[in-house]
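Okay, so here's the structure we're looking at.
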2 protein chains.
Amino acid sequence: MAHRVISDDAFLEIALDLFRTYGFEGVSLKMLLDKTGLEKASLYYRYPAGKDQIVTTVAESVAAWFESNIFDLLNGTGTPRARISLVAERLKEFYLNGVKASILDVLSIQSGPEELRVVLRKMTQTWIDAFTKIATESGLDAVDARFRAEEALIRIEGSLIVARTVGSGTAFERTLKLLPDLLSLT
Amino acid sequence: MAHRVISDDAFLEIALDLFRTYGFEGVSLKMLLDKTGLEKASLYYRYPAGKDQIVTTVAESVAAWFESNIFDLLNGTGTPRARISLVAERLKEFYLNGVKASILDVLSIQSGPEELRVVLRKMTQTWIDAFTKIATESGLDAVDARFRAEEALIRIEGSLIVARTVGSGTAFERTLKLLPDLLSLT
DNA sequence: GTCTATATTAAGATAGAC
DNA sequence: GTCTATCTTAATATAGAC
């Protein structure tokens with residue numbers, strides 16, 4: 001077969017889609033090779049530590065995406081309500097109306113490298129912190145703001161599970177609509 | 001090695017613990033054999049269809065346990081608040097304060113047999129129905145009751161994920177405490 | 001930096017003795 | 001109804017040509 005190339009970004013996007021769909025153990029190198037067109041040895045050239053390194057890189061790239069597309073926006077300018085409504089739109093796209101799973105869910109299962117779980121734990125904390133901050137801006141005291149921030153993330157994750165289990169994104173879309181009120185935003 | 005026997009119930013309990021910890025693809029037959037003491041051929045004698053059949057049987061046994069320990073109780077006698085508080089206790093035990101994962105979460109990932117997802121979907125619907133019924137008894141209209149029932153399940157599932165990701169059961173235990181209010185129970 | 005070819009290990013699965 | 005022994009396939013991983 002002739003040389004084939006695929007950018008690192010395109011590779012990671014395909015890998016993300018596979019991992020969030022089938023989980024770490026459910027994705028084989030063969031699936032990654034078939035979807036990306038790479039050959040096995042080329043994959044190992046890019047990621048010498050194999051699947052462990054790929055899944056960790058995927059999680060880091062998602063964390064980076066959230067950083068610049070969700071968290072920075074939450075901490076940005078404009079009214080809290082305007083910011084959260086834009087965040088809800090982007091979450092809706094990232095999770096494809098509840099069709100695509102959360103990596104905080106699927107990849108936090110006890111499998112794969114410990115380093116992966118560290119990345120996910122840090123991303124979770126950053127998310128809760130950002131929600132806490134925007135709730136605080138709306139006048140809530142620190143304890144209540146953090147409480148509501150955790151509740152908001154809980155409902156996002158929980159509604160994604162229910163969406164997946166019953167096969168309908170309704171619950172997830174309703175959660176997104178409620179986000180401003182959940183965080184008590186002005 | 002001498003003959004070893006293990007009851008079907010004990011086998012399924014060990015299998016449940018493995019599957020909810022490592023997921024379907026994360027559990028190998030070898031892990032099941034090591035934990036149960038059975039040999040491979042004996043396992044196939046009990047479950048000719050192998051891992052697919054085992055995980056489906058596990059899910060069915062959990063569904064049966066919920067039926068008689070959670071759903072029947074929700075549909076039983078006593079004030080709604082008294083019933084839900086007993087249910088919360090049992091959920092706390094089943095999920096070991098948030099340490100153990102939900103099979104509606106871990107086993108609903110796109111892996112394993114389709115039959116498994118059917119069992120999980122049915123169990124989810126039964127759960128939502130039971131929550132809806134008890135909320136209706138407290139005076140909520142049908143639409144609002146169902147709405148709150150879904151929210152309650154969403155928060156249980158979501159708080160289990162957050163508990164697992166951050167490594168603390170606090171969020172899950174708080175959800176259980178809030179259950180009566182979430183369902184607006186009298 | 002990607003390829004073909006090969007090696008190694010583990011997983012799922014079955015045959016047949018007891 | 002469990003066991004030992006064996007089989008087959010798939011997964012991870014590497015060597016070396018281009």
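Proteins get letters first, then strands, A, B, ... in listed order; numbering begins at 1 in each. No hydrogens, no waters, no symmetry mates; every other heavy atom, side chains included, goes into these values.
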[X] [atom1] to [N] [atom2]: how many Å, rounded?
X	N	atom1	atom2	answer
L32(A)	dA11(D)	CG	P	11 Å
E39(A)	dA15(D)	CD	P	18 Å
Q53(A)	dT14(D)	CD	P	12 Å
I54(B)	dG12(C)	CD1	C1'	11 Å
K40(A)	dG16(D)	NZ	C1'	17 Å
K30(A)	dT12(D)	NZ	P	11 Å
Y45(B)	dA17(C)	OH	P	17 Å
L33(A)	dC3(C)	CG	C1'	12 Å

Identify which nucleotide among [options] has an atom closest to any side-chain atom of [X], counting heavy atoms from C-beta outward.
X	options	result
L38(B)	dT2(D), dG12(C), dT12(D)	dT2(D)
A41(B)	dT2(C), dT2(D), dT4(D)	dT4(D)
Y44(B)	dA13(D), dG12(C), dT2(D)	dG12(C)

Any side-chain N or O of S42(A) under 4.0 Å from OP1/OP2 of dG1(C)?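 Indeed not, no polar side-chain atom of S42(A) lies that close.
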Any side-chain N or O of R46(A) less than 4.0 Å from the OP1 or OP2 oxygen of dG1(C)?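 Negative; the distance criterion is not met.
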With the threshold set at 4.0 Å, does a side-chain nitrogen-carboxylate oxygen contact exist between E173(B) and K177(B)?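 So E173(B) does not pair with K177(B) through a salt bridge.
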State whether a side-chain donor-acceptor pair under 3.5 Å links E157(B) with S102(B).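 Yes, S102(B) and E157(B) have a side-chain donor paired with an acceptor closer than 3.5 Å.
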Do you see a donor-acceptor pair shorter than 3.5 Å between the side chains of S108(A) and R164(B)?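 Per modelled atom types, S108(A) and R164(B) side chains form a pair under 3.5 Å.
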Return yes if some donor-acceptor pair links the side-chain N/O of T56(B) with the main-chain N/O of Q53(B) below 3.5 Å, else return no.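 Not confirmed, T56(B) side chain does not pair with Q53(B) backbone.
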Can the ring centroids of F147(B) and F131(B) be said to lie less than 6.0 angstrom from one another?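 No, the ring of F147(B) stays outside the 6.0 Å limit from the ring of F131(B), centre to centre.
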Is K51(B) touching bases, backbone alone, or none of the nucleic acid, heavy atoms closer than 4.0 Å?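 Result for K51(B) = sugar-phosphate.
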